[in-house]
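First comes the structure, then the notes that go with it.
Below, read A as the first sequence line, B as the second, and so on, with proteins coming before strands; counting in each chain starts at 1.
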2 protein chains.
Amino acid sequence: MKEAEALQAFSALSGETRLRMLRLLVVAGEGGMTAGDISAQTDAAPSRASFHLSALAKAGLVSATREAKQIRYHVRFETLGELMGYILTDCCQNHPTVRSCCLGDQGC
Amino acid sequence: MKEAEALQAFSALSGETRLRMLRLLVVAGEGGMTAGDISAQTDAAPSRASFHLSALAKAGLVSATREAKQIRYHVRFETLGELMGYILTDCCQNHPTVRSCCLGDQGC
DNA sequence: TTAATAATTCAAGAATCATTGAAATGAAAG
DNA sequence: CTTTCATTTCAATGATTCTTGAATTATTAA
């Protein structure tokens with residue numbers, strides 16, 4: 001991940017509504033969620049939801065696929081992993097204090 | 001780390017100047033850097049550097065200590081580790097794809 | 001084709017953030 | 001005590017970003 005992409009990802013994650021949307025999509029898992037469901041569950045008007053979802057999509061944090069009349073969104077864990085890698089390696093040069101976040105529950 | 005702190009951190013990292021400042025401080029290591037050095041090495045006027053450094057400090061990503069006439073800044077790896085933990089655990093629920101970023105060079 | 005539904009795009013104004021230069025603060029030296 | 005140096009704070013302007021509602025596109029059904 002390049003600096004420009006990381007900046008875009010940080011920017012996309014730095015809004016309350018967008019972070020909540022992403023977390024909703026994480027909980028939704030494989031099934032994802034439609035734009036309408038996301039709009040409803042975040043109390044954001046459709047145009048506002050669409051605006052924020054497209055910011056997340058532009059940053060590669062979510063993907064969108066049309067499904068009949070609706071558009072279904074999925075979280076893209078790959079990009080989140082790359083962002084983690086950027087922070088850990090490019091930004092923090094693998095500093096052990098940062099790296100220690102990896103020592104959680106299910107090890108690695 | 002709470003959501004509000006994570007948002008503040010993402011916000012602090014979502015600017016080119018601030019990300020560059022943080023990376024400078026990572027490279028500087030234990031010694032840290034003075035506000036003047038950071039200002040000079042980023043081509044940012046002193047007031048501008050001060051503005052961005054205080055945003056980083058407010059997010060807990062850097063610390064500041066006065067040293068005679070100068071103020072020395074250090075990166076706070078702890079906060080960066082907590083941010084990584086937030087993304088991995090709170091945000092992504094330890095999803096293996098995100099977790100795989102931990103499998104780099106010096107293992108864990 | 002027409003109507004209905006789901007979502008996006010657009011335009012306007014509101015709100016927030018960044019930049020600049022000048023003034024103020026804090027610390028050391030003469 | 002005054003001056004100088006390093007940095008921050010302040011105020012004004014400029015630039016982005018966010019929000020809202022209306023108009024538009026895309027899809028399906030009647």
Side-chain angles (χ1 to χ4, degrees), chain A residues 3-25 28 31-76, chain B residues 3-25 28 31-76:
Chain A
E3 174 177 295
E5 301 168 83
L7 281 169
Q8 200 166 30
F10 286 134
S11 188
L13 294 173
S14 69
E16 198 176 347
T17 304
R18 286 193 297 247
L19 188 54
R20 206 176 299 151
M21 285 174 167
L22 194 80
R23 295 183 70 176
L24 270 178
L25 288 173
M33 287 175 78
T34 64
D37 289 344
I38 297 168
S39 170
Q41 292 203 31
T42 54
D43 291 317
S47 67
R48 191 174 151 221
S50 182
F51 172 74
H52 289 302
L53 284 167
S54 81
L56 287 167
K58 205 170 173 188
L61 293 167
V62 304
S63 62
T65 53
R66 183 170 276 277
E67 197 173 81
K69 284 178 191 169
Q70 299 161 44
I71 293 181
R72 185 166 297 273
Y73 284 88
H74 289 88
V75 61
R76 280 180 39 79
Chain B
E3 174 177 294
E5 302 169 81
L7 281 169
Q8 202 166 30
F10 285 134
S11 188
L13 294 172
S14 69
E16 198 175 345
T17 304
R18 287 194 296 248
L19 188 55
R20 207 177 299 153
M21 285 175 168
L22 194 80
R23 295 184 70 178
L24 270 177
L25 288 172
M33 289 174 77
T34 64
D37 289 345
I38 297 168
S39 170
Q41 291 204 32
T42 54
D43 292 317
S47 66
R48 192 175 151 220
S50 182
F51 171 75
H52 289 302
L53 284 168
S54 81
L56 287 167
K58 204 170 174 189
L61 293 167
V62 305
S63 62
T65 53
R66 183 170 276 280
E67 197 173 81
K69 283 178 190 169
Q70 300 161 42
I71 293 180
R72 186 166 295 273
Y73 283 89
H74 290 89
V75 61
R76 281 180 38 78

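Heavy atoms of other residues, nucleotides or ligands lying less than 6.0 angstrom from CD of A:Glu16 number 12 at most.
Annotation: side chain of A:Leu13 is in contact with side chain of A:Leu61 (closest heavy-atom distance under 4.5 Å). No side-chain heavy atom of B:Met21 sits under 4.5 Å from any side-chain heavy atom of B:Met33. A 4.5 Å side-chain heavy-atom check between A:Leu7 and B:Leu19 finds at least one atom pair inside the cut-off. When side chains are defined from C-beta on, B:Leu25 does not count as touching B:His74, because their heavy atoms never get closer than 4.5 Å.
Listed in residue order, the members of residues 13-21 of chain A having a heavy atom less than 4.0 Å from DNA chain D are A:Arg18. The stretch residues 32-51 of chain A comes close to DNA chain D through A:Ser47, A:Arg48, A:Phe51, each having a heavy atom under 4.0 Å from the strand.
Atom CG of B:Leu7 is separated from atom C1' of C:dC17 by 16 Å (rounded to the nearest Å). The nearest whole Å value for the distance from the OH atom in B:Tyr73 to the P atom in D:dT7 is 9 Å. Between A:Leu53 atom CG and D:dC18 atom P the separation is 13 Å, expressed in whole Å. In this structure, the NZ atom of A:Lys58 is 15 Å from the C1' atom of C:dT8, given to the nearest Å. Atoms CZ (B:Phe10) and C1' (C:dC17) sit 19 Å apart, rounded to a whole Å. Summarising the geometry, the separation between CD on A:Gln70 and P on C:dT5 is reported as 13 Å, rounded to the nearest angstrom.
Put simply, the side chain of A:Ser39 never gets that close to the backbone of A:Ala49: no donor and acceptor are under 3.5 Å apart. For the pair B:Ser14 (side chain) and B:Ser11 (backbone), a donor-acceptor distance under 3.5 Å is present. Of the possible donor and acceptor atoms, none in the side chain of A:Thr34 sits under 3.5 Å from a partner among the backbone N and O of A:Ile71.
The heavy-atom pair separating A:Val62 from A:Leu22 by the smallest distance is CG1-CD1, 3.8 Å.
Among residue pairs with one or both ends in residues 41-53 of chain A, those qualifying as side chain to side chain donor-acceptor pair (under 3.5 Å) are A:Thr17-A:Arg48, A:Arg18-A:His52; sequence neighbours excluded. Residue pairs satisfying the salt bridge (charged side-chain N to carboxylate O under 4.0 Å, His left out) criterion with at least one member in residues 50-74 of chain B, sequence neighbours excluded, are listed as follows: B:Glu67-B:Arg72.
Taking 4.0 angstrom as the limit, B:His52 places a side-chain polar atom (N or O) nearer than this to OP1 or OP2 of C:dT19.
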Base, backbone or nothing for each nucleotide of nucleotides 24-30 of chain C, written B, S, -, heavy atoms under 4.0 angstrom, 5' to 3'? --SSS--
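Note on the helix from C:dT1-D:dA30 to C:dG30-D:dC1: angle between the axes of the first and last five pairs equals 10°, rounded to 10 degrees.
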